[in-house]
Amino acid sequence: MHLSKDYPKITTHVLQEMKQRGEKIAMLTGYDYSMARLLDEAGIDVILVGDSASNVMAGNVTTLPITLDQMIYHATSVMKAVKRALVVVDLPFGTYQGNSKEALNSAIRIMKESGANAIKMEGGEEIVESIDRILSAGIPVLGHLGLTPQSINKFGTYVVRATEKGEADKLKKDAKILESRGCFGVVLEKIPSGLAAEVTESLTIPTIGIGAGDRVDGQVLVLHDMLGINQDFSPRFLRRYHNLHDEIIGAFDHYINDVKAKDFPNEKEQYFK
Ligand code: KIV
C-alpha cells in the first residue's frame, strides 16, 4: 500500500493520516543536494537531515561535534532539491539541552535559514521546556527516544536500550509526555520490538523505528548504511539494499586504469577546436 504517493507534499498532517490508515512511513537520512533529489524522486516520505552527518559526512566518531552552522549547511542543500518529502532536521548536541531560549533560537535559525519543515530533538521529560518553547513558535517537533546518540558518553555503549523495566517504564512515560506536549511523532531507536509495539499502540502520533522492530508506524535508516557505502557497520537491524562500496571502488579502479593506460580520454571525449 503506497497511498501517500498521491500527495503532492508530505506534511505532519499526512503522517498522522498514514498512521490512522495503517500506511507505513518510509524515512531515510539525507545530507546533500544530489542524494536528496534522488530520495525525493523515488518518493520517500520523510528525509531526515540527521546529525549522523557528523559520522558519515564529516568522519567524526560520534554525533557530538557537528555544529548548528554545519547542520544548516546540510539542510539548505537538501531543501534546494526537495519538492515532496517532509524534511526534518536534527538540533545538534549543545544547542537545546538545558536552555529553552537557546533551543528556540537554534530551531528558528534552522527553519529560517534552511527552509526545512520540522526539527528533531533527543530526549523526554528533561527537554520538555525546550520542546514547549519551540512548539509555541509554530515549529513542528519530532521526538527521539531509546538509544539517543547525543548521550553516548552517558550510556557508554551503543547496545539495545530499555531492556530493563525501569528504563522501559521511563521510555513509555516520555513517549506520552512528547505526545501530550504536541510532538508530531517519535523516533524509537534500538529498543526491544515488544516495547516499541506497546508504545506505538499507546500513542495517536506516529512512531518511526530504527532497530525497533516491525510494529511501529514507520522505519528510518541512515542512507550510507542502507546503500552499503559503510562496510564496517553491521548491526542486526540494518538491511543493506545495495553494495555501493564495491560498485564505487570498481568505478574508481576502472577510471584509474583507463588514465594510466592512456585509454581515457578517447577521440570522442576531447575538443579539437
Ligand atoms: O541522525 C540520525 O541519523 C538519526 C537517525 C539514526 C534516526 O537520528
Side-chain angles (χ1 to χ4, degrees), residues 15 24-32 35-36 39 44-68 70-75 77-78 85-97 106-107 110 114 116-124 127 140-152 155 158-162 171 174-175 178 183-191 196 199-200 205-213 216-227 229-230 233-241:
L15 300 186
K24 298 280 185 186
I25 298 163
M27 171 162 147
L28 283 170
T29 64
Y31 318 98
D32 65 47
M35 280 294 181
L39 286 164
I44 200 79
D45 296 313
V46 186
I47 297 177
L48 171 65
V49 183
D51 58 359
S52 49
S54 178
N55 310 108
V56 298
M57 300 301 286
N60 295 310
V61 175
T62 71
T63 58
L64 275 66
I66 200 158
T67 65
L68 187 58
Q70 287 165 340
M71 289 303 296
I72 290 170
Y73 164 80
H74 287 298
S77 309
V78 166
L86 182 86
V87 178
V88 182
V89 183
D90 263 329
L91 279 193
F93 175 71
T95 67
Y96 63 97
Q97 295 96 338
S106 306
I110 286 181
S114 74
N117 308 121
I119 57 107
K120 174 164 85 61
M121 300 160 77
E122 296 182 5
I127 58 160
V141 176
L142 179 63
H144 184 157
L145 300 171
L147 177 64
T148 46
Q150 292 179 12
S151 303
I152 188 58
F155 298 147
Y158 286 99
V159 295
V160 183
R161 304 302 316 174
L171 190 143
D174 280 341
L178 295 180
C183 289
F184 70 86
V186 189
V187 168
L188 298 174
E189 179 163 355
K190 219 169 175 187
I191 61 170
V199 171
T200 300
I205 55 171
T207 57
I208 300 175
I210 172 163
V216 285
D217 299 308
Q219 297 291 334
V220 56
L221 286 174
V222 169
L223 191 68
H224 292 59
D225 300 338
M226 65 85 72
L227 288 176
I229 296 175
N230 273 352
F233 181 65
S234 325
R236 178 193 176 109
F237 68 77
L238 175 63
R239 185 179 294 180
R240 286 212 177 90
Y241 285 84

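Numbering of residues begins at 1 and proceeds along the displayed sequence. Ligands are counted one by one from 1 in listed order, and the atoms in each one are counted from 1 as well.
Thr200 and Thr207 form a side-chain donor-acceptor contact under 3.5 Å, judged by distance and modelled atom types alone. Looking only at atom types and distance, the side chain of Asp32 has no donor-acceptor partner in the side chain of Ser77 under 3.5 Å away.
One distance of note links CD1 of Ile208 with NZ of Lys24; it measures 11.0 Å at 0.5 Å rounding.
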Without placing hydrogens or testing angles, list every side-chain donor-acceptor pair under 3.5 Å for residues 218-226, not counting sequence neighbours.
residue: Gln219; atom: NE2; partner: Gly213; partner atom: O; Å: 2.9
residue: Asp225; atom: OD1; partner: Asn230; partner atom: ND2; Å: 2.8

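The local environment of CZ in Phe237 is crowded, with over 12 non-hydrogen atoms from other residues, nucleotides or ligands closer than 6.0 Å.
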Kindly print each ligand 1 N/O atom paired with any protein N/O atom under 3.5 angstrom away, one pair per line, or none if nothing qualifies.
residue: ligand 1; atom: 1 (O); partner: Asp51; partner atom: N; Å: 3.2
residue: ligand 1; atom: 1 (O); partner: Asp51; partner atom: OD1; Å: 3.0
residue: ligand 1; atom: 1 (O); partner: Ser52; partner atom: N; Å: 3.0
residue: ligand 1; atom: 1 (O); partner: Ser52; partner atom: OG; Å: 3.3
residue: ligand 1; atom: 1 (O); partner: Asp90; partner atom: OD2; Å: 3.1
residue: ligand 1; atom: 3 (O); partner: Ser52; partner atom: OG; Å: 2.5
residue: ligand 1; atom: 8 (O); partner: Lys120; partner atom: NZ; Å: 2.9

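Under the side-chain contact (heavy atoms from CB on, under 4.5 Å) test applied with Met71, the options Thr95, Asp90, Ile119 reduce to a single match, Asp90.
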